[in-house]
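Below is one structure, written out as structure tokens, with a few remarks after it.
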Amino acid sequence: MPELPEVENARQVVEKALDRTISGVDDTDEYVCRPHHPGEIDQALKGGRLVAAHRRGKTMWCDTVTADGDEGPHLGIHLGMGGRIFVTGPTGDASSLYAGGDPHVGGMPKKPGERPDKPEWDRVTITFDDGGALRLFDKRRLGRVHLEPAVEALGPDAAEITRDEFRARVGKGIVAIKAKLLDQSVLAGVGNLLADETLWQAKLRPSRPAGELSTDELDDLRRVLRRATRAAIAQGGVHTGEVIPYRKKDATCPRCGAPMERGVVGGRTTWWCSAEQSD
DNA sequence: AACAATGTTCAGTC
DNA sequence: GGACTGAACATTGT
């Protein structure tokens, strides 16, 4: 499910939908499109175009222009726990399909490149006058599409944050370091898996109070985080992390062989090495 | 059947 | 107001 790396992948797919005239938006799912009412997003975008696709952390948004060429509203897209993006080209058929997000959550695996045959999981569809479309496909329905997302509420992107920003934002307070990494207003883009992977690589106990970390530990943590994030983008998702396959019962640490331990930190299921991450 | 799931938000308490 | 906690949200898979 989508964390920063999967969302970056999805953003690149959204770019396939740029500069194509919007003929309509199916925004009838009032939960996914909250707080809008059906028809509002359709009304705001119809006749216009998406002209740029941005991302900060796990939030994507598109700049738009209206039919007259004026600046239009920003369209926010969030994949939630299991959303994916599918874009079809002008022919609208499967041969022109681009898929974005985490392939692991797509529903039924089909022939390579084909989209799962679950039209009821299309939560929002933007149709273009060339016959193609962009859809948010999300079986869990926790994804979101709405106008003017509050991007300012997010901290710096986890792949871009500077050393000084990281020290100042992450290295304070009494909350567990893992909870800090997961706080999107502190730092945007880290999800449960990337947090476990990063802390394992840095050999830090997830429950350690964030303010307790030394400057050296914070600097190292940031280096590890950026490396793990970029590696996940390059390799196609957070599930390619080294410790991810060992987040399960009776597993042992792939580095030292000690038992992996499970608990709840920051409200999320957490796995760590009982030997190397115990300080 | 009960529980967990890679996310966000909101009510409530210091 | 900020820091923090825990439950709720909608749905599927085990």
Side-chain angles (χ1 to χ4, degrees), chain A residues 1-10 28-35 55-61 76-85 100-109 116 118 120-124 136-146 149-151 153-155 158 168-200 206-207 209-212 225 228-229 231-233 235-249 262-271:
Chain A
M1 304 180 186
E3 301 186 30
L4 188 155
E6 287 81 4
V7 178
E8 174 54 24
N9 170 265
T28 50
D29 190 318
E30 294 188 69
Y31 185 73
V32 173
C33 294
R34 68 193 179 284
R55 179 190 63 74
R56 182 142 151 201
K58 306 172 198 169
T59 295
M60 294 182 273
W61 71 97
I77 304 174
H78 198 293
L79 301 180
M81 279 288 251
R84 303 190 65 192
I85 295 293
D102 184 352
H104 285 93
V105 298
M108 342 287 93
K118 280 282 188 181
E120 65 271 32
W121 290 346
D122 284 340
R123 305 301 179 182
V124 177
L136 172 65
F137 176 87
D138 179 15
K139 60 180 172 190
R140 295 274 301 272
R141 215 167 153 230
L142 286 169
R144 195 170 178 197
V145 171
H146 64 135
V151 178
L154 299 170
R169 304 180 73 95
V170 177
K172 62 171 192 217
I174 62 166
V175 284
I177 183 62
K178 176 169 175 177
K180 276 282 188 206
L181 293 178
L182 290 175
D183 186 337
Q184 305 298 301
S185 68
V186 169
L187 170 84
V190 180
N192 201 27
L193 291 190
L194 190 52
D196 277 6
E197 173 73 20
T198 301
L199 291 166
W200 175 78
S207 59
E212 213 182 72
L225 171 61
T229 304
I233 292 172
Q235 293 165 49
V238 286
H239 62 278
T240 61
E242 286 178 57
V243 84
I244 304 306
Y246 302 91
R247 294 175 81 260
K248 60 182 183 192
K249 197 166 178 292
R262 182 200 146 117
V264 174
V265 180
R268 316 289 284 157
T269 296
T270 301
W271 292 86

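Each chain gets a letter, A, B and so on, in the order its sequence line appears, and its residues count up from 1. None of these values were measured; they are calculated from a predicted model.
In the set C/dA3, C/dA10, B/dA5, C/dA10 carries the atom at the smallest distance from any side-chain atom of A/Arg141. You'll find that the side chain of A/Lys139 is closest to C/dG13, out of B/dG7, B/dA5, C/dG13. Nearest to the side chain of A/Val175, among C/dC4, C/dT12, B/dG7, sits C/dC4. Each of B/dG7, C/dT11, B/dT8 was ranked by its minimum atom distance to the side chain of A/Gln184; first place goes to B/dT8. Side-chain proximity of A/Arg268 to the nucleotides B/dG7, C/dC4, C/dT12 is greatest for B/dG7.
For the atom pair CD (A/Gln184) and CG (A/Leu4), the distance works out to 9.0 Å, reported to the nearest 0.5 Å. Considering CG of A/Asp196 and CG of A/Leu181, their distance stands at 10.0 Å, rounded to 0.5 Å.
At the heavy-atom level, A/Ile174 lies under 4.0 Å from the strands shown only through sugar-phosphate atoms. At the heavy-atom level, A/His78 lies under 4.0 Å from the strands shown only through sugar-phosphate atoms. Residue A/Gly173 is in sugar-phosphate contact alone, with no base atom involved, counting any heavy-atom pair closer than 4.0 Å across all strands shown.
Residue A/Leu181 contributes atom CG, which lies 13 Å from atom P of B/dG7 at whole-angstrom precision. In this structure, A/Asp138 places its CG atom 15 Å from C1' of C/dG13, rounding to the nearest Å. Look at CZ on A/Arg144: it is 17 Å from P on B/dG7, rounded to the nearest Å. Summarising the geometry, the separation between NZ on A/Lys248 and P on C/dT14 is reported as 15 Å, rounded to the nearest angstrom. When rounded to the nearest whole Å, the span between CG of A/Leu193 and P of B/dA5 equals 10 Å. Residue A/Lys58 contributes atom NZ, which lies 11 Å from atom P of B/dT9 at whole-angstrom precision. For the pair A/Arg84 CZ and B/dG7 P, the interatomic distance rounds to 16 Å; values are reported in whole Å. Taking atom CG on A/Leu136 and atom P on B/dG7, their separation rounds to 16 Å, with Å as the unit.
Positionally, the nearest nucleotide of DNA chain C for A/Lys180 lies more toward the 5' end than for the other of A/Tyr31 and A/Lys180. Comparing A/Trp271 and A/Leu182 by the nucleotide of DNA chain B whose heavy atom lies nearest to each, the residue mapping closer to the 5' end is A/Trp271.
Counting only heavy atoms from C-beta outward, the side chains of A/Ile85 and A/Ile77 approach each other to under 4.5 Å.
Considering only side-chain N and O atoms, A/Trp121 lies under 4.0 angstrom from the phosphate OP1 or OP2 of C/dT12.
Base pairing of C/dA10 is not made with any nucleotide, judged by Watson-Crick or G-U wobble geometry with both donor-acceptor distances under 3.5 Å.
A donor-acceptor contact shorter than 3.5 Å is absent between the side chain of A/Glu197 and the backbone of A/Ala228. With A/Asn9 contributing its side chain and A/Gly101 its backbone, the two residues share a donor-acceptor pair below 3.5 Å.
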